[in-house]
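The first residue in the sequence is number 1, and the count goes up from there.
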Amino acid sequence: MGRLPVRVHAGGCWDARKRCTGISMEEARRALAEGVQACPHCRPDAALGIE
């Protein structure tokens with residue numbers, strides 16, 4: 001069983017750790033819409049046009 005996502009990061013974020021898994025832009029939009037937090041450093045929500 002996988003862990004639930006805690007935070008969405010933009011690619012290349014310095015705060016992303018080893019346990020991060022890459023996802024598509026659509027999956028990132030869906031995760032943010034479902035309440036997963038956006039990283040306050042790389043702001044993937046702003047990069048995706050979701051604020």
Novice: List for me each residue that meets salt bridge (Lys or Arg N to Asp or Glu O under 4.0 Å) alongside Arg43, sequence neighbours excluded, and say none if there are none.
Specialist: Asp45, Glu51
Novice: Could you work out the complete set of other residues in the hydrophobic cluster of Leu48, with links drawn between I, L, V, M, F, W and Y side chains under 4.5 Å apart?
Specialist: Val8, Met25, Leu32, Val36, Ile50
Novice: Going by side-chain hydrogen bond (donor to acceptor under 3.5 Å, both in side chains), name the pairs with one or both residues in residues 29-42, residues two or more places apart or in two chains.
Specialist: none
Novice: Could you pull out the closest heavy-atom pair between Arg7 and Ala38, with the gap in Å?
Specialist: CG-C, 3.9 Å
Novice: Measuring only between side-chain heavy atoms, which start at C-beta, is Pro44 closer than 4.5 Å to His9?
Specialist: no
Novice: Residues sharing Ile23's hydrophobic cluster, by side-chain heavy-atom contacts under 4.5 Å among ILVMFWY, directly or via others?
Specialist: none
Novice: Once side-chain hydrogen bond (donor to acceptor under 3.5 Å, both in side chains) is applied, what residue pairs with a partner in residues 12-26 remain, sequence neighbours excluded?
Specialist: Asp15-Arg17, Ser24-Glu27
